[in-house]
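Predicted model, so just to flag it, every value in this text is computed and none were measured.
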Amino acid sequence: MTDDMERTNRLVAAGRSAGRRLWDSPRETTVGELLAELAAPDPDEPADVYGDGVVARLEQRVAELLGTEEAAFFPSGTMAQQIALRCWAGRTGNPVVALHPMSHPELWEGGALSVVSGLRTVHPTREPRQPTAEEVAELAEPFGTLMLELPLRDAGFLLPSWEELEELVGAARERDAVVHFDGARLWEAAPHLGRTLPEIAALADSVYVSFYKSLGGLSGAALAGPSALIAEARVWRHRYGGQVFRQFPQALSALAGLERELPRLPSYVAHARVVAQGLREGFLTAGTPWFRIHPEVPHTHQFQVWLPYGADRLTEAGIRLAEETGTVLFRSWEPAPVPGLAVTEVTVAEPGLAWTGRDAAEAVAAFLARLQPAPGPVPGSPGPQPGPQPGQQPRPSRGRPPKGGDATRRAGRDAPSSAEVADQGARRGYRPTTGSTSPSIGGETP
C-alpha cells in the first residue's frame, strides 16, 4: 500500500468515526447507508425504462424549479454540458465557445470539447476570477456560445454580483452569442445573487445542474432549457451512450436531495460566513505566519483556505486532529500554484450548522498544534515564501496567492492575482495526475 493510499484510508476512517465535522464527505459513506436512503415514496410505482417513470418525474421537477420549458436527465454533468455546447454550436453555426480557462470543460473533461465535439475555446480572461462584460465585449474573434461557470469552483467558488451577471449576458447578446450556465453548483448561488433560481436561469439559454455536488444525490445531472433544445439533446444523449436502461436509484436520490437539501442551502451559505470568520480569528490568534480565507466572505457554502506549509504536513495534522479529538476540520490539502503554499476547500453543510465561530477558532488552534516540525528544505527548491504578518494585506504582484478584500469588491478581485494560476500548467493549482478527471481536494470532486 502506498503512503497516499494509507493516508486516504486513515482520513476516511477518521472522518467516519469523528463526532464533529463541518460536512460529510462522500468517501465516508457506505453502500448500506446509501441504499437505506433510497426509500421510494410509492414502492408500487413502476420502475423506469429508458428514462420514463421516476426519471421523467425528476425532469419535470427540475424544469419547474428552474422555470424552463423542459429538462433532460443525464448520467453525468460532463455529458450534459458537452451535448449542450455541441447543440448550440450547430444552431449558431459557430463552433467557438468562450469560457474561463479554469472552468470544468477546460480542466477536468480530457479535452472532450475539441476531441469529441470538434469545438474550440477562447478565454475572455486568464485571471482567476469571473470575466467582466468588457472582456467579453472585447474578445478578438467571434464566438457562438458564452459559457459561465456559476460559481467558478477552481478560482474559489466565485460568483459575480447580479448586476455583473446581467452585464455579462448582455455583452454576449451584443456579440450575437447564446449563453449557457455551467450550474453544477447553481443551487446555492441564489443567496449571493439575491435572485430566485428561475430568475437566474432566465438569463441563460440553457442551464446544467448537478444532483450530487450539493444535493447529496448518487450521481447524475440535468440540462434545462427550451423544448426544441432539450429534444435535440435527448437525441445526442442516446448517441453518447447516455440512454441508460434503468436509472431509478439516481432519480430517487436526486428527488430526495431536492426535497431535503435544496431548502437548507441558504442556511449553509449564511453559516459558511460564520465559520470563515471563526477560522480567520483562529489563525490570527495563533500567530500563523501567513494565511488566507478565499474569498474573504464566502459567496456560497464553500471556500478555500491557504496556508504556508507543505500539503502532506497539513493533511497529516488534520488526520491526527480527527483521530485524537473526534473533530474533522480540514481534509485533504494540495500544493498551491505558488511555491511554499498549500490549499484546501471547506464546505459548510448540515453538520456544520452546530459550529459557532468560537468552535471554528478553537479547532484551528488544535489543528495547528498538531503540525509536525517542518523538514529542512530540499536542495535547490524554494522554501515557504515570506508573506505579510497576520492581518496585513500582501502587496499585489504576479505569483501571489489570494489577497484579502471586502465583500463589496467586484467578484473575484480578491482572488489570486497571478495569471499563472489560470495557466494550463497551474491546472487549478492542484496538479492532477495524468489522465485524472476526478481529483479529491478537501474530500470533494470537481
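When side chains are defined from C-beta on, Tyr212 does not count as touching Gln250, because their heavy atoms never get closer than 4.5 Å.
With Trp187 as the aromatic partner, Arg185 does not meet the cation-pi criteria of under 6.0 angstrom to the ring centre and within 45 degrees of the ring axis. Figure legend: Arg237 and Phe74 shown as a cation-pi pair, the cationic atom lying under 6.0 angstrom from the six-membered ring centre and within 45 degrees of its axis. Figure legend: Arg331 and Trp23 shown as a cation-pi pair, the cationic atom lying under 6.0 angstrom from the six-membered ring centre and within 45 degrees of its axis.
In this structure, the ring of Phe181 has its center no less than 6.0 angstrom from the ring center of Tyr208.
Residues Arg16 and Asp24 are not paired through a salt bridge, judged by the lack of any N-O separation under 4.0 Å between the basic side chain and the carboxylate. With respect to the salt-bridge test (charged N to carboxylate O, under 4.0 angstrom), the residues Arg175 and Glu141 do not qualify. Electrostatic pairing of Arg126 and Glu135 does not count as a salt bridge here, judged by no charged N lying under 4.0 Å from a carboxylate O.
For Ser210 against Leu215, the heavy-atom pair with the smallest separation is O-CD1, 4.0 Å. Minimum interatomic distance between Leu22 and Leu329 (heavy atoms only, all atoms of both residues): CD1-O, 4.0 Å. Contact between Leu150 and Pro160 at its shortest, heavy atoms only, is CD2-CD, 3.7 Å.
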Inset, instruction - Begin with the C-alpha distance, continue with both residues' side-chain angles, and end with the deciding distance and a verdict on side-chain contact (heavy atoms from CB on, under 4.5 Å) for Leu186 and Ile200. - result: CA-CA 9 Å; Leu186 190 71; Ile200 298 169; 3.8 Å; yes

Inset, instruction - Go through Phe303 and Phe157 one step at a time and tell me if the ring-ring contact (aromatic ring centres under 6.0 Å, His included) criterion holds. - result: CA-CA 6 Å; Phe303 55 91; Phe157 305 95; 8.5 Å; no

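Looking only at atom types and distance, the side chain of Thr121 has a donor-acceptor partner in the side chain of Glu106 under 3.5 Å away. In this structure, a donor-acceptor pair under 3.5 Å is absent between the side chains of Asp48 and Gln247. Checked by atom type, the side-chain pair Gln130/Glu164 shows no donor-acceptor distance below 3.5 Å.
Between Trp333 and Phe367, the ring planes are parallel. Angles under 30° get that label, and only those over 60° would be called perpendicular. Between His192 and His299, the two ring planes are parallel [angle under 30°; tilted spans 30° to 60°].
Partners of Glu45 according to the side-chain hydrogen bond (donor to acceptor under 3.5 Å, both in side chains) rule, which considers only residues two or more places apart in sequence or in another chain, are Arg57.
Checking Val96, Asp176, Val97 one by one against Phe143, the side-chain contact (heavy atoms from CB on, under 4.5 Å) holds for a single residue, Val96.
Here salt bridge (charged side-chain N to carboxylate O under 4.0 Å, His left out) pairs that include residues 249-268, with residues two or more places apart or in two chains, are Glu261-Arg264.
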